Every structure is written in C-alpha cells, then in structure tokens.
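The basis for the numbers below is simple: all heavy atoms, side chains too, and nothing from hydrogens, waters or symmetry mates. Because the structure is predicted, anything quoted here is derived from the model rather than measured.
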Amino acid sequence: MLIGDYRCSVDAKGRVSFPAKLRADLGARFIITRSLSDHCISVYSLEEWQSIIDRLHAMPQNKSRNIRRMLSGFASEAEPDAQGRIVLPLSLREYAGLAKDAVIIGASTHCEIWSRENWEALCNERDSDTIAAVMDELNF
C-alpha cells in the first residue's frame with residue numbers, strides 16, 4: 001500500500017533514495033513525471049501508468065491531448081540501483097523546486113516527491129475546519 005511520508009535528500013547527481021516499502025508496492029521499475037495539479041513529482045507503478053494512459057486515450061483527443069503531452073513529455077522510467085536510489089531528471093527537479101531536502105509520500109494510488117519546503121507549506125495551509133468540511137462531504 002502506498003502510504004506514509006519519508007524524509008530524504010537529493011544528492012549532487014540528482015539521485016534520491018526511494019523508500020523500500022514504496023518500492024515494494026511500485027515494482028522494480030516505475031514512471032516519474034510532473035504532477036498536473038501541484039509542484040511535485042508524481043510516481044506511478046507501470047500498471048497504474050498504463051491505466052492512466054488508457055483512460056486518456058478513451059477520452060476525445062481534443063480534451064486529452066494536452067494532458068497526454070504534459071504527462072508523457074516529462075515522464076521518465078525509473079529503476080532503482082542496488083542502493084535503492086533513482087535519478088530525478090533536472091527538468092522534474094526544477095519543476096518541483098527540489099534542491100536538497102525532499103519528502104516522498106504515499107498517496108494511495110501513486111507516490112509524490114516534494115521539496116520539503118513545499119510539502120510543509122502545503123501541510124500548514126490545511127486547517128482543521130477545511131479538513132472537517134471535506135470529511136463531512138465524504139460522510140466520514
């Protein structure tokens with residue numbers, strides 16, 4: 001299950017140690033790309049990636065063309081090395097504002113890689129009233 005948050009560092013070569021618990025659920029290889037909604041990197045298992053692509057291809061091209069371009073154009077296949085590290089392409093690191101400190105989170109169906117600063121800012125934006133309103137809407 002893709003859950004939890006893990007603190008890590010990005011080294012000078014753009015590598016990050018990807019948590020073993022998340023690697024076990026993602027598989028030996030996975031896809032990293034830009035998030036479409038936040039300044040972070042989205043990480044998908046090959047199966048989840050194929051499901052997303054299949055759903056996009058089922059949509060009318062005029063509605064899905066730009067999303068396919070953004071997702072696929074910035075996508076890269078990642079395969080952890082013997083130490084569990086993956087290389088984050090420079091374009092993705094720049095997009096996510098990743099310099100040194102990072103947070104990798106499990107987000108149920110995928111993972112996300114955030115700069116620690118952006119992750120903490122997002123977490124601080126969410127107040128208990130906002131969360132309670134969403135929980136009420138979801139009947140929790």
Side-chain angles (χ1 to χ4, degrees):
M1 184 177 299
L2 300 171
I3 58 174
D5 82 335
Y6 305 84
R7 307 293 167 142
C8 56
S9 296
V10 180
D11 71 13
K13 295 180 181 179
R15 296 176 302 189
V16 64
S17 290
F18 211 85
K21 289 186 92 163
L22 297 177
R23 286 195 321 265
D25 288 334
L26 287 169
R29 294 178 305 141
F30 40 89
I31 303 297
I32 57 176
T33 191
R34 277 185 175 197
S35 168
L36 293 177
S37 57
D38 295 296
H39 282 281
C40 67
I41 298 170
S42 293
V43 183
Y44 300 99
S45 68
L46 295 179
E47 295 80 18
E48 183 68 19
W49 177 255
Q50 190 59 54
S51 173
I52 290 167
I53 296 302
D54 290 345
R55 287 182 294 193
L56 287 170
H57 282 284
M59 294 173 64
Q61 185 176 5
N62 65 335
K63 289 187 175 187
S64 67
R65 156 178 55 228
N66 287 333
I67 294 171
R68 285 195 326 257
R69 286 176 180 152
M70 292 302 291
L71 282 176
S72 296
F74 291 98
S76 179
E77 191 171 303
E79 185 171 0
D81 65 13
Q83 288 79 37
R85 297 173 302 193
I86 62 169
V87 176
L88 302 174
L90 179 59
S91 63
L92 292 178
R93 292 193 320 263
E94 288 175 343
Y95 176 76
L98 285 167
K100 175 102 176 106
D101 295 323
V103 178
I104 301 174
I105 65 158
S108 182
T109 60
H110 67 287
C111 296
E112 296 173 347
I113 305 172
W114 289 79
S115 73
R116 189 169 300 170
E117 180 181 322
N118 288 348
W119 176 246
E120 289 174 356
L122 178 70
C123 291
N124 290 334
E125 283 177 13
R126 306 295 183 239
D127 63 26
S128 58
D129 291 337
T130 303
I131 293 170
V134 172
M135 296 300 276
D136 283 346
E137 196 174 315
L138 295 173
N139 294 320
F140 276 99

| Are any side-chain N or O atoms of S35 and backbone N or O atoms of C40, one a donor and one an acceptor, separated by less than 3.5 Å? | no
If every non-hydrogen atom of [X] is compared with every non-hydrogen atom of [Y], which pair is closest and at what distance?
X: K13; Y: D11; value: N-OD1, 2.9 Å
X: R116; Y: C8; value: NH2-O, 3.7 Å
X: S115; Y: G97; value: CB-O, 3.3 Å
X: Q83; Y: R85; value: OE1-NH2, 2.9 Å
X: L92; Y: T33; value: CD2-C, 3.8 Å
X: I86; Y: A78; value: CG2-CB, 4.0 Å

Do you reckon [X] sits in the same ILVMFWY cluster as [Y], going by side-chain contacts under 4.5 Å, direct or chained?
X: L22; Y: L46; result: yes
X: L36; Y: I52; result: yes
X: F74; Y: F30; result: yes
X: V103; Y: I113; result: no
X: V87; Y: I32; result: no

Can you tell me how far the [atom1] atom of [X] sits from the [atom2] atom of [Y], to the nearest 0.5 Å?
X: R23; Y: I104; atom1: CZ; atom2: CD1; result: 9.5 Å
X: I53; Y: Y44; atom1: CD1; atom2: OH; result: 9.5 Å
X: R69; Y: S64; atom1: CZ; atom2: OG; result: 9.5 Å
X: E112; Y: N118; atom1: CD; atom2: CG; result: 12.0 Å
X: I105; Y: R7; atom1: CD1; atom2: CZ; result: 10.5 Å

| Among D5, D101, D38, side chain to side chain contact (heavy atoms under 4.5 Å, CB included) partner for W119 | D5
| task | Take W49 and S42 through the side chain to side chain contact (heavy atoms under 4.5 Å, CB included) test and state the conclusion after the steps. | result | CA-CA 10 Å; W49 177 255; S42 293; over 6 Å; no
| said: Ignoring hydrogens and geometry beyond distance, is a side-chain donor-acceptor pair present between R68 and S72 at under 3.5 Å? | reply: no
| query | Above 12 or not: heavy atoms from other molecules or residues under 6.0 Å from CD of Q50? | reply | yes
| task | For side chain to side chain contact (heavy atoms under 4.5 Å, CB included), just list the numbers for V16 and L98, CA-CA rounded to whole Å, side-chain angles, deciding distance to a tenth of an Å, and then say yes or no. | result | CA-CA 11 Å; V16 64; L98 285 167; over 6 Å; no
| field | Non-hydrogen side-chain atoms of F18 and C111 separated by less than 4.5 Å | value | yes
| task | Could you please spell out the steps behind the side chain to side chain contact (heavy atoms under 4.5 Å, CB included) verdict for I31 and E77? | result | CA-CA 5 Å; I31 303 297; E77 191 171 303; 4.2 Å; yes
| request: Start with the C-alpha gap between T109 and L2, add the side-chain angles, then the distance that decides, and say whether side chain to side chain contact (heavy atoms under 4.5 Å, CB included) holds. | output: CA-CA 7 Å; T109 60; L2 300 171; 5.9 Å; no
